[in-house]
Participant: 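Before anything else, here's the structure in question.
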Amino acid sequence: MTLMKKSGVFKLLWFVVMTITCLCGYGQPRNAKKISTDLFGIFFEDINYAADGGLYAELVQNRSFEYSPTERREWHPLSFWEYVNPGYSYGYVYVQTQDPLHSNNPTYVVIDVEHVGKEAGYTGLSGVGLKNQGFAGMVVKAGEQYNFSMFSRLLSNEPITLSITLQNPQGEILAENTLTISTSSWTKLDVPLIAKASHDTASLTVLATTKGKFALDVVSLFPKNTFKNRPNGLRPDLAQVIADLKPRFVRFPGGCLVHGDGLGNMYRWKQTVGPIEQRKEQRNLWGYHQTGGLGYFEYFQFCEDIGAKPVPVVPAAVSCQNSGGTWRIGGTGQKALPLDEMQEYIQEILDLIEWANGPATSKWGAVRAAAGHPEPFNLEYLAIGNEEKITPEFEQRFRMIYEAVKARHPEITLIGTSGPFHSGEDFDKGWQFANELKVPIVDEHYYTDPKWYLSNHYRYDAYDRSKGKVYLGEYASWGSKLYNAIAEAAYMIGLERNGDVVVMSSYAPLLGKMGFTQWNPDLIYFDNKNIYPTINYYVQQLFSTNAGDYYVPDVVALNRRDSVMVASCVYDSKTGDAIIKLANAGKENKKVKIDLSAFKNIQPVAARTVITGNEDDENKFDLPSKIAPVTDSYKVARKFDYEVPAMSFVLIRIKTKK
Ligand code: AHR
């Protein structure tokens, strides 16, 4: 009995001690400075076919027949579709806009089958229809299910039978099924297709095999296997490689895509939610087409699925300064939303917050709930604008949006903008304006030479801590070579050192589809089947998966004048680990002295991860050599010397908890 009592008291004491220890962390190291826990995130823009033809798993290209010459001179509603009439069949295929499926989706196709060939001896399929090549072919895997769906309307009397097939380029059938059109109003029809063989450049054929006439729209082929099995979801391998970055947040959907090429091209979030057939498709400013299939719901769902905070960017009611083909020559193309449209536009932004965070009983919360997410998405951040030219028109509209959102939603942290460069007129004016308004976080963007990153990693040491915090929303050095990756690592060390004032950062752009890029370098290259992470990707991943919540100074003795050897040490109070990062962008090994006296309970066996090679090494898809991090165990002491190899990034993770 007494023993039992004693053990109960002991358990209680143990619980109290553990609770206090957990609540207080493991005791912060000496001189530690609190830094942002949202420091490393990602920026997803629909550029380089990142969404349609990329992360969005839809296999049909131009599924809604909305492609047009306003996007590319050679494009039209039947682009990427081919008329097929096997078995000497004949008929017509033409484009219509009367009585569409939805006013947001005005163009559709009519197929009129006049004759289905029945020549003696012919055993193949006969009929009239359309074949879609997808985005340079469709990757089909044996044994996997592909969900076909379409909207149709019968325009003749008798029901029409359709054959739905996946075929290889030789016309051999990889999967097949049939369906029947029998209703004279727009109706969704769907059938599964199970692939009996694999192919990397398959196509989809929708073939009417009986006589008659019908309308057709939103022809979709979706792999059943999507990331986390989400309907209308994402390509799982591509989503996973992004998830593996363990980003704290995702900024989306752009970039220049957000403010658009002219006012009519702005990204309006409401046009991207709801059933896909009701979403408004539009020209992508990067020279292709956006279906909006990967819309706001899918972005928020993805963020939730990978444990990242959503950071949507809404236009600041002005279009891109490079609108109308004035790309990067100073920007005279900025157009501003008329002032009498501003109240409605501001309401659209307030509605977004209600859509994300409001109860399912609210007007916009109900739209989210209807899409399958009754719980709020817990939106914390909202960015207004993307590297706009700081004109009086911009300032007036930004102020109106900022003040209205701040007044209605003080719980949301708003992010402002400071132009497309690390310095210069828009940068200075942007910051000055943001500081006047007391904008809590300001987004900086710069793409430049790796040498600039090496010689500027002290940039934020001098930032005024009493002003707005920094979100380095877009940055990259010009290239994907090892030297670029190490220069970026050195710069990120500078971000960690200044993690009290730089609260968020994201490399840009994230994705680039091989052969379809408008912007290089990108963090992750891919094609329809493969993924090629750059060395820069591994650097981003190592920082993100080895972030801390405290910066610990003076752990690595450094010569500040040495611009190629940079180091940091952070402490992760959750695990009690000290994490040392060493970047050497020089051609010689560097000896450094490491002093862990700031930490208690240093465990002697640490985990060491190294990325190294020749400065010109690059993870190219057509080259065999691949640079990736290599991890081993490494013995550490309270004080030890370390030789950092030339052209390397080294990370040492040390347990400081027994
Ligand atoms: O990341 C590519 C582009 O670079 C972004 O759209 C834009 O914000 C920047 O100019």
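Just so you know, these numbers use all the heavy atoms, side chains as well, and skip hydrogens, waters and symmetry mates. Throughout, residue positions are numbered sequentially from 1 according to the sequence presented.
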Participant: Walk me through it: do Val241 and Phe526 pass the test side-chain contact (heavy atoms from CB on, under 4.5 Å)?
Facilitator: CA-CA 11 Å; Val241 79; Phe526 67 97; over 6 Å; no
Participant: Is Asn265 close to Ser319 at the side-chain level, that is, under 4.5 Å between some pair of heavy atoms?
Facilitator: no
Participant: Could you pull out the closest heavy-atom pair between Leu234 and Ala239, with the gap in Å?
Facilitator: CB-CB, 4.2 Å
Participant: Looking at Lys529 and Asp200, is any side-chain nitrogen of the basic one under 4.0 Å from a carboxylate oxygen of the acidic one?
Facilitator: yes
Participant: Passes side chain to side chain donor-acceptor pair (under 3.5 Å), Asn528 versus Lys513? Steps please.
Facilitator: CA-CA 8 Å; Asn528 284 344; Lys513 185 166 188 173; 2.6 Å; yes
Participant: Determine, step by step, whether Ser505 and Phe40 satisfy the side-chain contact (heavy atoms from CB on, under 4.5 Å) criterion, reporting the C-alpha distance in whole Å, the side-chain angles of both residues, the deciding distance to 0.1 Å, and the verdict.
Facilitator: CA-CA 5 Å; Ser505 67; Phe40 302 114; 3.5 Å; yes
Participant: Is the gap between the ring centers of Phe44 and Tyr299 under 6.0 Å?
Facilitator: yes
Participant: Before accepting this row, confirm whether a basic side-chain N of the pair Glu304/Arg368 lies closer than 4.0 Å to the acidic partner's carboxylate O.
Facilitator: no
Participant: Over all heavy atoms of both residues, which pair between Asp217 and Thr107 is shortest? Give the atoms and the distance, please.
Facilitator: OD2-O, 3.2 Å
Participant: Run the ring pair (Phe, Tyr, Trp, His ring centres under 6.0 Å) test against Tyr532 and tell me which residues pass, sequence neighbours left out.
Facilitator: Phe621
Participant: Tell me whether Glu474 is salt-bridged to Arg251, with the criterion being a basic N under 4.0 Å from an acidic carboxylate O.
Facilitator: yes
Participant: Does some side-chain heavy atom of Met138 sit less than 4.5 Å from a side-chain heavy atom of Tyr146?
Facilitator: no
Participant: Run Phe297 and Phe377 through side-chain contact (heavy atoms from CB on, under 4.5 Å) and show every step you take.
Facilitator: CA-CA 10 Å; Phe297 182 83; Phe377 275 122; 4.0 Å; yes
Participant: Could you tell me whether the side chain of Asp190 and the main chain of Phe148 form a donor-acceptor pair under 3.5 Å?
Facilitator: no
Participant: Is there a side-chain contact between Ile160 and Leu154 (heavy atoms, below 4.5 Å)?
Facilitator: yes
Participant: Does anything in residues 115-138 pair up under side chain to side chain donor-acceptor pair (under 3.5 Å), and if so which pairs, sequence neighbours excluded?
Facilitator: Glu82-Gln133
Participant: Are Ser506 and Phe249 close enough that some pair of their side-chain heavy atoms sits under 4.5 Å apart?
Facilitator: yes
Participant: Return the orientation label for the Phe300 and Tyr296 ring planes: parallel under 30°, perpendicular over 60°, tilted otherwise.
Facilitator: tilted
Participant: Would a distance-only check, ignoring hydrogens and angles, find a side-chain to backbone donor-acceptor pair under 3.5 Å from Asp522 to Tyr525?
Facilitator: no
Participant: Check whether any side-chain heavy atom of Leu204 lies under 4.5 Å from a side-chain heavy atom of Val219, and answer yes or no.
Facilitator: yes
Participant: Ring centroids only, cut at 6.0 angstrom: are Phe543 and Phe649 within range, meaning strictly under it?
Facilitator: yes
Participant: Verify side chain to side chain donor-acceptor pair (under 3.5 Å) between Thr180 and Ser182, making sure each step is shown before the conclusion.
Facilitator: CA-CA 6 Å; Thr180 303; Ser182 53; over 6 Å; no
Participant: If you round to the nearest 0.5 Å, how far is CD1 of Ile524 from CD1 of Ile42?
Facilitator: 7.5 Å
Participant: Any donor and acceptor pair, going by atom type alone, linking the side chain of Glu281 with main-chain N or O of Phe65 inside 3.5 Å?
Facilitator: no
Participant: So which atom in Ala508 and which in Phe43 form the shortest heavy-atom distance, rounded to 0.1 Å?
Facilitator: CB-CD2, 3.4 Å
Participant: What I'd like to find out is whether the side chain of Leu162 reaches to under 4.5 Å of the side chain of Ile164, using heavy atoms alone.
Facilitator: yes
Participant: Would you confirm whether the ring centroid of Phe80 sits within less than 6.0 angstrom of the ring centroid of Tyr67?
Facilitator: yes
Participant: Return all side-chain donor-acceptor pairs below 3.5 angstrom for residues 52-60, not counting sequence neighbours, or 'none' if the list is empty.
Facilitator:
from  : atom 1 : to     : atom 2 : distance (Å)
Asp52 : OD1    : Thr291 : OG1    : 2.6
Asp52 : OD2    : Thr291 : N      : 2.9
Asp52 : OD2    : Thr291 : OG1    : 3.4
Tyr56 : OH     : Arg63  : NH1    : 2.9
Tyr56 : OH     : Arg63  : NH2    : 3.2
Tyr56 : OH     : Asn232 : OD1    : 2.3
Glu58 : OE1    : Arg63  : NH1    : 2.8
Glu58 : OE1    : Ser220 : OG     : 2.7
Glu58 : OE2    : Val60  : N      : 3.0
Glu58 : OE2    : Leu221 : N      : 2.9

Participant: Of all heavy-atom pairs between Val313 and Val258, which one has the smallest distance, and what is that distance?
Facilitator: O-CG1, 3.5 Å
Participant: Counting C-beta onward and ignoring hydrogens, is there a side-chain heavy-atom pair between Leu285 and Asn322 closer than 4.5 Å?
Facilitator: no
Participant: Okay, side chain of Asn484, backbone of Trp478: is any donor-acceptor separation there less than 3.5 Å?
Facilitator: yes
Participant: Main chain of Asn48, side chain of Thr517: is a donor-acceptor contact present, judged purely on distance under 3.5 Å?
Facilitator: no
Participant: Just checking, any donor-acceptor pair under 3.5 angstrom between side chains of Trp286 and Glu45?
Facilitator: yes
